[in-house]
Protein chains: 2
Amino acid sequence: MGLAERKEREKAELRELILDAAKRILLKSGQEGLSIRKIANTIEYSPATIYLYFKDKDEILHELMEMGFTLMNKFMTKAYEEKDAVKRIYLIGKAYVEFGLEHKDWYDLMFNSDKPMKHIEKCMEDWDAGMAMFNYLASTCKEAMLSLQMHALEERILALQLWSCVHGLVNLAHTERLEIVERNQTKELVSKTLDTMFLSIFHK
Amino acid sequence: MGLAERKEREKAELRELILDAAKRILLKSGQEGLSIRKIANTIEYSPATIYLYFKDKDEILHELMEMGFTLMNKFMTKAYEEKDAVKRIYLIGKAYVEFGLEHKDWYDLMFNSDKPMKHIEKCMEDWDAGMAMFNYLASTCKEAMLSLQMHALEERILALQLWSCVHGLVNLAHTERLEIVERNQTKELVSKTLDTMFLSIFHK
DNA sequence: AAATTAAATAAACAGTGTTCATTATATTTG
DNA sequence: CAAATATAATGAACACTGTTTATTTAATTT
């Protein structure tokens with residue numbers, strides 16, 4: 001049945017076309033500027049057609065979120081290669097913030113949006129790319145704690161501490177708060193804070 | 001001229017009425033559910049009337065943001081009273097996170113929104129309540145660093161480190177990420193991370 | 001009472017996500 | 001090949017959003 005196959009391929013192709021248009025609009029105009037109607041316009045279909053391929057806008061945003069994680073993982077491959085766990089954490093933190101600062105729209109979708117996952121029950125599956133990242137960080141924390149003899153500390157809490165700090169930093173930068181604290185110094189503030197933070201955790 | 005005065009008072013009263021309605025809607029339906037038309041409905045005026053008292057929606061959001069800071073300052077009075085600088089920082093951090101978790105809508109307006117202040121030039125004035133808070137934290141950091149003999153560290157960077165961590169934590173909680181990491185454990189995760197963070201900075 | 005000033009509004013514009021009955025296009029059957 | 005059926009695409013509507021402008025209503029001054 002090469003016919004049914006072709007049908008399915010065509011359906012998948014249009015789905016991909018929609019996602020590709022969505023991605024392009026996201027990169028050009030941000031999440032604010034991304035609308036079903038704009039997607040429909042750029043691929044020259046009617047808005048209603050989109051709903052034959054996606055349940056709603058949230059589903060599209062969710063797919064974009066997963067694209068974002070793929071992109072971020074590429075960003076992090078270098079850091080992942082580092083053998084020393086402590087250094088690896090540092091490199092991961094650097095890469096995380098670098099990605100966040102450079103790709104605000106992707107970052108928001110991945111870490112600030114509750115749109116792509118409304119129901120907490122579904123969250124575990126819907127955010128498994130993010131969860132995988134966190135678990136990897138936690139295991140690296142465990143390794144680092146072992147090598148530095150930092151007992152009496154849960155690796156997941158340490159991971160959360162690291163995550164909170166970089167997440168907070170990226171968001172403060174995104175919303176211009178760092179620009180208010182010190183004008184035209186955002187990048188330097190980020191880098192200094194990051195270094196201080198690592199020093200204070202892995203003292204010395 | 002008691003007449004012009006009454007006029008002005010009436011104008012101020014309607015302005016206050018609008019803000020009060022806006023506040024009530026914000027608390028009931030969040031920032032998403034807050035619209036000019038809903039404000040107009042609840043005070044029984046037409047939407048266009050709102051624009052005789054406010055330039056645009058952003059100006060209303062900005063006023064709400066300032067209300068939020070007043071509320072937050074009340075939340076922090078106890079912490080401010082603490083004499084010991086290190087303990088004070090700890091109490092401020094606790095109060096900050098508590099406020100953030102309990103008042104998501106206010107918090108978003110104050111720390112996540114770039115709507116109430118679009119132009120960076122105007123930011124300094126438009127976010128002076130936030131800036132005042134940061135400056136106070138920084139000066140407390142200076143005091144704490146002095147008492148703990150932590151030299152070779154800028155107080156503003158330490159303040160940023162603290163702020164990033166609590167800001168990140170609050171946002172991760174708001175967007176359900178902590179719920180994903182460990183279900184029904186958000187409050188405990190926050191509290192543990194916060195404690196670990198203070199320990200690591202002001203080591204033991 | 002008439003003229004002027006100030007306040008409030010109706011209506012429109014250009015958007016948004018989403019749904020559904022209708023139309024157009026393929027595919028399958030007689 | 002033509003008719004019946006299944007699939008895909010859409011136009012139009014609904015209920016919203018922020019904002020502007022010409023018009024109407026109300027209050028004040030002459």
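Labels below follow one simple rule: chain letters A, B, ... track the order of the sequence lines, proteins then strands, and each chain is numbered from 1.
Between B:E81 and B:R88, none of the side-chain N atoms (NZ, or NE/NH1/NH2) sits under 4.0 Å from a carboxylate O, so this pair counts as no salt bridge.
Rounded to a whole Å, the CG atom of A:L34 is 14 Å from the C1' atom of C:dG15. Atoms NZ (B:K57) and C1' (C:dT16) sit 13 Å apart, rounded to a whole Å. Rounded to whole Å, atom C1' of D:dA9 lies 10 Å from atom CG of A:L14. Between the CD atom of A:E59 and the P atom of C:dT18 there is a distance of 11 Å, given to the nearest Å. To the nearest angstrom, C1' of D:dC14 lies 11 Å from CZ of A:R37. Taking atom CD1 on B:I36 and atom P on D:dC16, their separation rounds to 17 Å, with Å as the unit. As rounded to whole Å, 12 Å separates atom C1' of C:dA8 from atom CD1 of B:I18. In this structure, the CG atom of A:L61 is 14 Å from the C1' atom of C:dT16, given to the nearest Å.
An OP1 or OP2 oxygen of C:dA7 is reached within less than 4.0 angstrom by no side-chain nitrogen or oxygen of B:Y53.
If you check residues 38-50 of chain A against DNA chain D, the residues with a heavy atom closer than 4.0 Å are A:Y45, A:S46, A:A48, A:T49, listed by number.
When the side-chain hydrogen bond (donor to acceptor under 3.5 Å, both in side chains) test is applied to A:N112, the partners found at least two apart in sequence or on another chain are A:D108, A:N171. Residues meeting the salt bridge (Lys or Arg N to Asp or Glu O under 4.0 Å) test with A:E98, sequence neighbours left out: none. B:Y80 pairs by the side-chain hydrogen bond (donor to acceptor under 3.5 Å, both in side chains) definition with nothing, not counting sequence neighbours. For B:E63, the salt bridge (Lys or Arg N to Asp or Glu O under 4.0 Å) test picks out B:R15, with sequence neighbours left out. With sequence neighbours left out, the side-chain hydrogen bond (donor to acceptor under 3.5 Å, both in side chains) criterion links B:K192 to A:E154. Listed by chain and number, the residues in a salt bridge (Lys or Arg N to Asp or Glu O under 4.0 Å) with B:D84 amount to none (sequence neighbours excluded).
For the helix from C:dA1-D:dT30 to C:dG30-D:dC1, the terminal axes (five pairs an end, C1' atoms, rotation from four pairs onto the next four) enclose an angle of 30°, given to 10 degrees.
Checking D:dT10, C:dT9, C:dG17 against every side-chain atom of A:L52, the shortest atom distance belongs to D:dT10.
Formation of a donor-acceptor pair under 3.5 Å by the A:R177 side chain with backbone atoms of A:T175 is found in this model.
Pairs passing the ring-ring contact (aromatic ring centres under 6.0 Å, His included) check and including a residue from residues 168-190 of chain A, sequence neighbours excluded, read A:Y107-A:H174.
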